[in-house]
Visitor: 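Supplied in structure tokens, the structure appears directly below.
So that the names make sense, note that chain A is the first sequence line, chain B the second, and so on, each numbered from 1. Please read all numbers here as calculations on a predicted model, not as lab measurements.
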Amino acid sequence: MPELPEVETIRRQLREKIVGKKLDGPPAGEAGKKIVDVRRRAKILIIDFSDGSSLIFHLKLTGQLIFNGESSKHTRHIFKFDDGSRLVFNDIRKFGWWKYVKSSKDIEKTFGPEALEVDLKTFKEVLKKSPNAKIKPLLMDQKVIAGIGNIYSDEILFTAKVQPVRSIKTLKPEEIGAIWSNIGRILKLAIKNRGTSERDYIDALGKKGDYLKYLKVYRKEGQKCPRCSGVIKRIKIGGRSAHFCPKCQR
DNA sequence: AGGATGACCAGGACGC
DNA sequence: TGCGTCCTGGTCATCC
């Protein structure tokens with residue numbers, strides 16, 4: 001499921017492939033528009049045109065954007081470019097969406113600071129606004145920090161040795177520091193490995209990401225903790241599953 | 001008011 | 001084979 005590292009991987013690959021090209025449509029109304037940039041905000045992918053308008057995508061759980069991909073029964077849309085190349089949007093569960101907007105400004109400002117750009121001071125400030133909230137749901141709240149989802153929130157909290165149910169006000173400064181530094185470290189390592197192909201995710205070139213082998217706790221319920229003698233536990237927090245080691249995460 | 005909970009979307013996986 | 005249940009992220013409604 002595409003979180004920041006997966007969307008960022010697609011962004012970088014697509015940028016190389018489509019900047020400078022013109023959209024041939026569909027949608028026909030947008031035909032002829034020249035692509036000037038491919039950006040990302042939170043988990044949203046943004047294709048900018050020279051007139052200031054944009055195509056924006058949210059891949060949700062199972063969306064795929066594949067450059068020159070083949071169409072399948074899960075293909076929702078195919079964007080064609082003036083040189084004959086194309087971009088295939090697949091989505092098995094149809095949770096994802098795309099739309100054409102005159103301006104992407106309104107969408108972009110609905111999110112909190114980017115997870116890879118937030119400094120420690122700002123991170124502490126945004127956490128402090130919700131002293132009673134649990135750390136995991138807060139890390140996944142896009143209005144608080146943008147880009148982190150279920151996989152990486154579990155991995156970040158494991159590496160920081162903090163249990164997902166801890167409320168903000170109980171966190172020591174060094175624990176907040178550990179969470180913050182691991183946000184950067186883990187997301188960057190995941191980007192380097194072109195994301196996690198746990199289920200349906202593939203990158204814009206149709207290849208799987210390699211971060212799966214680095215996962216320590218996500219979807220590893222009942223397995224031995226890679227750090228101590230504990231056993232990975234799965235609990236529900238806010239309707240989502242959280243994986244952690246009850247022994248070495250405090 | 002803010003935090004918690006549940007519904008919703010769709011389809012695949014899995015147990016029986 | 002088929003049926004029920006679970007699972008998934010983000011959003012929204014509702015409740016306390």
Side-chain angles (χ1 to χ4, degrees), chain A residues 1-11 40-46 56-65 71-77 88-99 101 104 106-115 124-157 162-171 183 186-187 190 195-202 208-209 211-212 215 217-223 232-244:
Chain A
M1 49 224 72
E3 301 179 27
L4 186 152
E6 290 76 24
V7 181
E8 179 64 18
T9 298
I10 291 169
R11 182 192 78 81
R40 178 190 57 75
R41 178 75 171 104
K43 304 171 191 174
I44 305 255
L45 189 88
I46 305 164
I56 57 175
F57 298 82
H58 199 308
L59 302 178
K60 293 287 184 89
L61 276 79
T62 58
Q64 303 171 336
L65 272 174
S71 64
S72 74
K73 64 174 179 175
H74 298 303
T75 298
R76 305 297 163 199
H77 199 86
V88 178
F89 177 43
N90 296 330
D91 192 5
I92 296 161
R93 268 167 269 185
K94 297 181 184 173
F95 289 172
W97 50 262
W98 68 269
K99 58 184 169 183
V101 292
S104 59
D106 289 345
I107 293 135
E108 291 175 50
K109 68 185 179 192
T110 60
F111 299 107
E114 279 291 318
K124 281 178 176 172
E125 282 167 7
V126 295
L127 289 191
K128 244 181 231 175
K129 289 178 187 169
S130 303
N132 294 308
K134 296 181 173 74
I135 181 63
K136 178 176 164 86
L138 209 61
L139 282 182
M140 292 169 62
D141 187 336
Q142 304 303 298
K143 293 186 200 68
V144 178
I145 300 285
I148 301 169
N150 216 24
I151 296 177
Y152 297 106
S153 60
D154 277 354
E155 296 299 310
I156 289 161
L157 290 173
V162 172
Q163 290 204 8
V165 289
R166 290 276 299 281
S167 64
I168 301 306
K169 66 186 176 194
T170 70
L171 295 176
I183 287 173
I186 287 175
L187 294 182
T196 303
S197 288
E198 203 272 335
R199 286 187 171 182
D200 302 292
Y201 168 74
I202 49 176
K208 288 185 172 186
Y211 195 76
L212 188 65
L215 293 183
V217 289
Y218 181 76
R219 292 233 161 181
K220 297 198 182 290
E221 182 187 16
Q223 296 183 32
I232 304 305
K233 198 175 168 184
R234 180 167 73 114
I235 60 169
K236 283 271 184 187
I237 306 173
R240 304 286 171 229
S241 57
H243 311 77
F244 67 102

Visitor: Could you spell out the base pairing of DNA chain B as a dot-bracket line? Use Watson-Crick and G-U wobble contacts where both distances are under 3.5 Å, [ ] for crossing pairs, | for partners on a different strand.
Guide: .|||||||||||||||

Visitor: Within the structure, does a side-chain N or O atom of S241(A) lie under 4.0 Å from either OP1 or OP2 of dT8(C)?
Guide: yes

Visitor: If we check side chain to side chain contact (heavy atoms under 4.5 Å, CB included) with V162(A), which of these qualifies: T170(A), I156(A), I135(A)?
Guide: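 When side chain to side chain contact (heavy atoms under 4.5 Å, CB included) is applied between V162(A) and each of T170(A), I156(A), I135(A), only I135(A) qualifies.
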
Visitor: Between the base of dT8(C) and the side chain of R93(A), is there a donor-acceptor distance below 3.5 Å?
Guide: yes

Visitor: Can you label the angle between the W98(A) ring and the H77(A) ring as parallel, tilted or perpendicular, going by 30° and 60°?
Guide: tilted

Visitor: Counting C-beta onward and ignoring hydrogens, is there a side-chain heavy-atom pair between K60(A) and W97(A) closer than 4.5 Å?
Guide: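 They are in contact (side-chain heavy atoms under 4.5 Å apart), so the answer is yes.
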
Visitor: Are I186(A) and Y211(A) close enough that some pair of their side-chain heavy atoms sits under 4.5 Å apart?
Guide: yes

Visitor: Identify whether any heavy atom of D200(A) sits under 4.0 Å from a base atom; if not, whether one sits that close to sugar-phosphate; answer base, sugar-phosphate or nothing.
Guide: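 D200(A): no heavy atom of the nucleic acid under 4.0 Å.
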
Visitor: Hey, does L61(A) reach any base, or is it just sugar-phosphate, or nothing, if we go heavy atoms under 4.0 Å?
Guide: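 L61(A): base contact, heavy atoms under 4.0 Å.
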
Visitor: Just how far is it from atom CD of E3(A) to atom CE of M140(A), taken to the nearest 0.5 Å?
Guide: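 Result: 7.5 Å between the selected atoms.
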
Visitor: For K129(A) and for R240(A), find the nucleotide of DNA chain B with the closest heavy atom, then tell me which residue's nucleotide is more 5'.
Guide: K129(A)

Visitor: Over all strands shown, is T62(A) touching base, sugar-phosphate only, or nothing at heavy-atom distances under 4.0 angstrom?
Guide: nothing

Visitor: First and last nucleotide of DNA chain B in contact with chain A, 5' to 3', at under 4.0 Å to a heavy atom: what are they?
Guide: dG3(B) to dG12(B)

Visitor: Quick one: is R219(A) getting a side-chain N or O under 4.0 Å of the dC7(C) phosphate, OP1 or OP2?
Guide: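 No, no such contact exists.
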
Visitor: Could you tell me which non-hydrogen atom of Q64(A) sits nearest to which non-hydrogen atom of L59(A), and how far apart they are?
Guide: N-CD2, 4.1 Å

Visitor: Would you compute the distance between atom CD1 of I202(A) and atom CG of N90(A) and round it to the nearest 0.5 angstrom?
Guide: 7.0 Å

Visitor: Just distance, no hydrogens or angles: give the donor-acceptor pairs under 3.5 Å from side chains in residues 127-134 of chain A, sequence neighbours left out.
Guide:
from, atom 1, to, atom 2, distance (Å)
N132(A), OD1, K169(A), NZ, 2.5

